2 protein chains.
Amino acid sequence: MPKKCNFIEKLREAGLRPTKQRLNMCEVLFNREKTFHFTINDLVKMISEKMNQKISLATVYNTVHAFEKKGYLKEISIDSHKSYFDTNTSVHHHFFDEETNELIDCDENDIDPVNIKKNITGKKINSVEVLIKVASDNQNQK
Amino acid sequence: MPKKCNFIEKLREAGLRPTKQRLNMCEVLFNREKTFHFTINDLVKMISEKMNQKISLATVYNTVHAFEKKGYLKEISIDSHKSYFDTNTSVHHHFFDEETNELIDCDENDIDPVNIKKNITGKKINSVEVLIKVASDNQNQK
DNA sequence: AACTACATTATAATAATTCTAAACTATTGA
DNA sequence: TCAATAGTTTAGAATTATTATAATGTAGTT
């Protein structure tokens, strides 16, 4: 688990000034065992609760976008109304539970690599993302 | 290519009343050789141009959502700011050109089926979608 | 310490989408 | 055929999510 000083480094390396607000956000986002998914709304709540300190909504948007640009966060878009960010920025896929609105990481071992046989001419592939939408299986209860 | 009467049937079968507006939208969306992708904005423009007739924005939203619910359209979400609809509702994947903002169907032969080895317990898979983000390959020019 | 560039903030502005309630229209059945 | 009714369309208001603005504040540099 990284300490505060590591976040200062982390921000500096990305060319971002280590401000109070950014360090608070780093604490909330990265000072934990497991990576997780959140919406901007979730995050604003988490910051004000955990840090017990006010933060401007604009700052949260700015900082999330700065972090995304620097590769500290990844956006996962489900549909036009559901957009999440992921603190796990490695290449991995997702399950999305359409009933609970829960986004769940897909373990690398649970899915075979996606094999693209033919790409578009003159283009390079930047990313390949699989989204598996699931819901409860009620066949048994019927 | 379906004729107007087919659209009346199509709508009725889905439990939607064949109104003038919905038939116009069917013309614009489904009376063509190839399936295509559009945003709500695109569609509003297309209707007013092609049909030479005014349509309320609210109606376009309502109708697109009704069509989506009935399986006539599928939403493809790229990120929180880019949401497309697809008149091709079959299971297929997409390329997204990050430079031109163009969404391109991935031919079935160009990608191997995605093999999910382990699903979440108690859940059934509703859909599996792959999104391949591409950009121009400038390595040669460098 | 003072300067400069960048950040934060509250608020305003914008954009996308949904709601509302009145007017309209397709369907049903007398 | 015509009235009843249930669903639909509409303009505009309301809502929500996000971004812009401009004043104030802060980090890094000299």
Side-chain angles (χ1 to χ4, degrees), chain A residues 4-5 7-29 37-48 51 53-70 72-73 75-85 101, chain B residues 4-5 7-29 38-48 51-70 72-73 75-85 101:
Chain A
K4 220 160 229 160
C5 58
F7 291 139
I8 293 179
E9 279 312 300
K10 189 180 166 123
L11 291 170
R12 260 197 239 287
E13 273 162 28
L16 296 171
R17 286 188 179 170
T19 61
K20 182 165 51 71
Q21 291 82 350
R22 282 177 181 159
L23 287 168
N24 278 346
M25 283 184 65
C26 280
E27 285 291 323
V28 172
L29 293 174
H37 308 107
F38 63 92
T39 65
I40 295 281
N41 250 330
D42 294 339
L43 187 56
V44 172
K45 268 184 219 152
M46 290 172 78
I47 294 166
S48 57
M51 292 286 111
Q53 201 158 1
K54 217 172 118 106
I55 190 167
S56 165
L57 187 59
T59 303
V60 177
Y61 273 102
N62 287 341
T63 306
V64 163
H65 289 151
F67 284 1
E68 190 194 2
K69 201 169 169 184
K70 297 300 180 185
Y72 294 171
L73 293 173
E75 188 179 7
I76 316 286
S77 186
I78 305 298
D79 64 38
S80 48
H81 277 208
K82 299 187 200 87
S83 184
Y84 295 80
F85 289 89
N101 274 359
Chain B
K4 221 162 231 160
C5 58
F7 291 140
I8 293 180
E9 279 313 297
K10 189 179 166 126
L11 291 171
R12 260 197 238 286
E13 274 162 28
L16 296 171
R17 285 187 182 174
T19 62
K20 183 165 51 68
Q21 290 84 350
R22 282 178 182 158
L23 288 167
N24 278 344
M25 283 183 66
C26 281
E27 285 293 321
V28 171
L29 293 174
F38 63 92
T39 65
I40 296 281
N41 251 332
D42 295 339
L43 187 54
V44 172
K45 269 185 217 152
M46 292 172 78
I47 294 166
S48 57
M51 293 285 112
N52 211 45
Q53 201 159 0
K54 215 174 121 113
I55 190 167
S56 166
L57 188 58
T59 303
V60 177
Y61 274 101
N62 287 341
T63 307
V64 163
H65 289 151
F67 284 2
E68 191 194 3
K69 200 168 168 185
K70 296 300 179 183
Y72 293 171
L73 293 173
E75 188 179 5
I76 316 285
S77 187
I78 306 299
D79 63 37
S80 49
H81 277 207
K82 301 189 198 84
S83 184
Y84 295 80
F85 288 89
N101 274 1

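If you're wondering where the values come from, they're calculated on a predicted model, not measured in any experiment.
Close to C:dA26, at under 4.0 Å from its OP1 or OP2, lies no side-chain N or O of B:R22.
Rounded to whole Å, the distance from CG on A:D79 to C1' on D:dA17 is 14 Å. In this structure, A:Q21 atom CD and D:dG25 atom C1' are separated by 10 Å, rounded to whole Å. Taking atom CD1 on B:I78 and atom P on C:dA16, their separation rounds to 16 Å, with Å as the unit. Atom P of nucleotide C:dA7 and atom OH of A:Y61 are separated by 20 Å, given to the nearest angstrom. Regarding B:Y84, its OH atom lies at a distance of 18 Å from the C1' atom of C:dT17, rounded to whole Å. Nucleotide C:dT17 holds its C1' atom 15 Å from the CG atom of B:L43, rounded to whole Å. The interatomic distance linking A:I55 (CD1) with C:dT8 (C1') rounds to 9 Å, in whole Å. The separation between B:M25 atom CE and D:dT10 atom P is 11 Å, rounded to whole Å.
Comparing A:K20 and A:S83, the nucleotide of DNA chain D nearest to each residue sits closer to the 5' end for A:S83. Position along DNA chain D of the nearest nucleotide to B:K54 versus B:R17 favours B:R17 as the more 5'-ward residue. If B:L57 and B:T19 are placed on DNA chain C by their nearest nucleotide, the residue sitting closer to the 5' end is B:L57.
None of B:F67, B:F7, B:F85 except one satisfies the ring pair (Phe, Tyr, Trp, His ring centres under 6.0 Å) rule with B:Y72; the exception is B:F67.
Here D:dA11 is the nucleotide among D:dA17, D:dA11, D:dT9 with the atom lying nearest to any side-chain atom of B:A58. When distances are taken from the side chain of B:N41 to each of C:dA16, C:dA7, D:dT18, the shortest belongs to C:dA16. Here the side chain of B:S80 is nearest to one of C:dA10, D:dG12, D:dT18, namely D:dT18. Of the candidate nucleotides D:dT9, C:dT18, D:dA11, C:dT18 has the atom nearest to the side chain of A:H81. Which of C:dT27, D:dT18, C:dT11 sits closest to the side chain of B:P18 comes down to C:dT27. The side chain of A:L16 sits closest to C:dA7 out of C:dA7, D:dA11, D:dT9.
Checking B:T39 against B:D42 by side-chain atom types alone, a donor-acceptor pair falls below 3.5 Å.
Taking each heavy atom of A:Y84 and A:N101 in turn, the nearest pair found is OH-O, 2.8 Å. Considering every non-hydrogen atom in both B:L16 and B:A66, the closest pair reads CD2-CB, 4.1 Å.
Panel note: side chain A:R22, backbone A:R17; a donor-acceptor pair is recorded below 3.5 Å.
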